[in-house]
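In what follows, a single structure is set out as structure tokens and then discussed.
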Amino acid sequence: MNEIKKMFIDGQWVVSLSGKAREVVNPSNGEVFALVTEGSAADVKLAVAAAKRAFYEDGWMDTKAIERARLLYAVADEIARCASELSLLDTLDNGKPLRETEFDVSDAVTCFRYYAGIATKPHGQTYEVADAIQSIVIREPIGVCGQIIPWNYPLLMAAWKLAPALAAGNTVVFKPSEVTPLSAIKLFEIFEKVGYPKGVVNLVMGAGQTVGAEIASNMDIDKVAFTGGTKTGRSIMQAATGNLKNIALELGGKSPNVVFADADFELAVDYALYGIFCNQGQVCSAGSRLLLQDTIYDAFIERLVERAKKIKVGIGTAPETEMGPLISESHMQKVLNYIETGKNEGAKLLCGGSRIVEGDLGKGYFVEPTIFGDTTPDMTIVREEIFGPVLAVQKFSTEEEAIKLANDTVYGLAGAVFTNDSSKAMRFIKKLRAGITWINTYHPTYCEAPWGGYKQSGIGRELGTFGYEEYTEVKQINITYEPQLTGWFQG
Ligand code: NDP
């Protein structure tokens with residue numbers, strides 16, 4: 001425990017220039033269980049210089065796709081080999097149940113393998129543009145990429161950012177959340193082990209206000225990719241204007257999960273629970289607004305509450321645990337404040353609503369699965385992203401009203417519809433202003449499909465070929481195979 005975990009800059013494990021360290025807390029019991037070095041802007045600058053040198057001078061920008069693929073496959077194999085260690089690290093660090101972190105680790109393996117495959121696949125286009133002229137469009141890496149991730153999926157978010165960036169041939173300066181740095185440290189040990197050249201992958205740990213802000217504003221970083229809150233996303237966008245960085249923002253949501261009366265009742269109840277309480281509700285795409293058709297409202301609520309009360313809340317390492325603690329005391333307080341606001345604004349608390357204070361759970365940051373009914377569209381709990389286990393239920397009568405309510409948000413990340421009428425399902429989804437949608441399911445996410453939002457939920461897409469392309473520049477090369485004088489100037 002006394003050992004201070006280091007960060008990885010230019011192929012070396014180093015402590016920060018300031019020598020400061022940060023305590024890492026287990027949210028299940030509030031205890032400090034690790035110490036990590038605490039970086040600052042000065043450390044980011046060193047990492048950026050290394051990443052820039054590795055890209056331009058050491059030859060990484062010319063590394064063949066097959067070599068980039070080989071390294072990514074090796075990373076995937078090593079993650080798979082260290083799966084139990086990695087899932088335990090994320091469970092201790094984040095609090096989420098082991099069954100979730102095991103899933104995250106397996107998804108991270110898939111993500112590295114997917115982008116290893118993508119690296120060697122065809123990219124680009126060719127056109128016959130004019131007589132004897134061929135236009136070729138190629139994709140090239142952008143350069144030095146800064147990447148900033150949150151705490152809700154520590155390893156998986158790292159995979160989503162790092163795998164496509166490295167597949168496309170960029171170098172990276174990566175910042176995990178200050179509260180969940182441990183699986184990132186292990187991941188960078190894996191990068192070192194598989195043999196990434198010096199400076200290609202750099203890990204800088206520290207606070208968003210210092211390390212994150214420097215990544216966003218640094219003039220030698222060519223792209224910044226961020227996942228986190230919309231407020232932070234806005235400040236990153238502003239900071240990135242200095243050198244007009246390429247930006248990718250995956251931000252918050254207040255996603256509607258819409259259930260029509262003709263839906264499979266038990267299926268819809270099951271996914272309504274999963275949509276909001278999976279990962280303790282700390283999911284950007286959480287189905288945090290449940291829209292129920294009036295004719296099934298009462299029966300649905302009754303069944304939903306009955307099942308929500310049975311959710312087993314506990315410490316993440318216990319095999320029976322279905323829902324863990326929130327990430328930190330301050331975040332828990334924020335969620336509890338939202339619950340108070342919900343009550344004060346007149347929503348009806350149907351279940352939960354409190355911190356769990358009894359027994360061992362009282363030491364951690366546990367909040368009961370909470371459901372509010374009788375909400376109105378103007379209520380704070382209906383409008384703002386709570387990022388916790390709090391569901392706001394809304395009632396509608398017609399399809400038109402459902403779509404109006406569903407789209408009545410500044411966000412546009414995700415949404416789902418449950419109905420057995422396939423025409424209605426497609427009609428509804430096509431009118432939904434959101435980037436990630438589901439019909440008769442909620443939450444499944446695939447490496448192959450693009451992830452990102454409309455409106456204030458972000459800019460750009462992760463995953464799939466879209467996610468790869470986000471890490472490339474596009475260059476046109478026009479070649480004539482019968483060169484001729486222009487004849488434009490006569491003198
Ligand atoms: P943030 O958006 O603040 O944090 C996400 C990442 O950004 C962290 O690594 C953080 O650093 C970093 N960061 C913070 N400030 C800056 C900055 N000025 N410049 C650059 N990087 C910065 O999320 P929070 O953890 O504070 O949560 C706040 C709210 O954001 C949540 O309540 C939730 O509503 C939402 N959120 C949404 C997520 C999503 O996936 N859509 C994920 C996480 C949060 P640090 O290490 O200091 O935290």
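Position 1 is the first residue of the sequence; numbering continues from there. Only a predicted model underlies this, so the values are computations on that prediction, with no experimental measurement involved. Ligands are counted one by one from 1 in listed order, and the atoms in each one are counted from 1 as well.
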Report the residues that fulfil side chain to side chain donor-acceptor pair (under 3.5 Å) with Thr465, sequence neighbours left out, ordered by chain and then residue number.
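Residues passing side chain to side chain donor-acceptor pair (under 3.5 Å) with Thr465: none at all.
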Give a yes or no on whether the ring-centroid distance for Tyr196 and Phe191 is below 6.0 angstrom.
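Close enough - the centres of the two rings lie under 6.0 Å apart.
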Which of these passes side chain to side chain contact (heavy atoms under 4.5 Å, CB included) with Met7: Ser16, Pro181, Pro176?
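In the set Ser16, Pro181, Pro176, the residue that makes a side chain to side chain contact (heavy atoms under 4.5 Å, CB included) with Met7 is Ser16.
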Can you name the salt bridge (charged side-chain N to carboxylate O under 4.0 Å, His left out) partners of Lys223, sequence neighbours left out?
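Listed in chain order: Glu470.
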Between Trp438 and Tyr442, how do the two ring planes meet: parallel, tilted or perpendicular, split at 30° and 60°?
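The rings of Trp438 and Tyr442 sit tilted, inter-plane angle from 30° to 60°.
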Mind listing the side-chain donor-acceptor pairs of residues 154-163 below 3.5 Å, one per line with the distance, residues two or more places apart or on another chain?
residue : atom : partner : partner atom : Å
Lys161  : NZ   : Thr227  : OG1          : 2.6
Lys161  : NZ   : Glu462  : OE1          : 3.4
Lys161  : NZ   : Glu462  : OE2          : 2.7

Between ligand 1 and the protein, give all atom pairs where both partners are nitrogen or oxygen and the distance is under 3.5 Å, as lines of names plus distance to 0.1 Å.
residue  : atom   : partner : partner atom : Å
ligand 1 : 2 (O)  : Gly229  : N            : 2.7
ligand 1 : 2 (O)  : Thr232  : OG1          : 2.9
ligand 1 : 3 (O)  : Thr232  : OG1          : 3.0
ligand 1 : 9 (O)  : Ile149  : O            : 2.8
ligand 1 : 9 (O)  : Lys175  : NZ           : 3.1
ligand 1 : 11 (O) : Lys175  : NZ           : 3.0
ligand 1 : 11 (O) : Gly208  : N            : 3.3
ligand 1 : 19 (N) : Gly208  : O            : 3.4
ligand 1 : 25 (O) : Trp151  : NE1          : 2.6
ligand 1 : 32 (O) : Lys334  : NZ           : 2.3
ligand 1 : 34 (O) : Glu385  : OE1          : 2.9
ligand 1 : 41 (N) : Gly228  : O            : 3.3
ligand 1 : 41 (N) : Leu251  : O            : 2.9
ligand 1 : 46 (O) : Lys175  : NZ           : 2.7
ligand 1 : 46 (O) : Glu178  : N            : 2.6
ligand 1 : 46 (O) : Glu178  : OE1          : 3.3
ligand 1 : 47 (O) : Glu178  : OE1          : 2.2
ligand 1 : 47 (O) : Gly208  : N            : 2.7

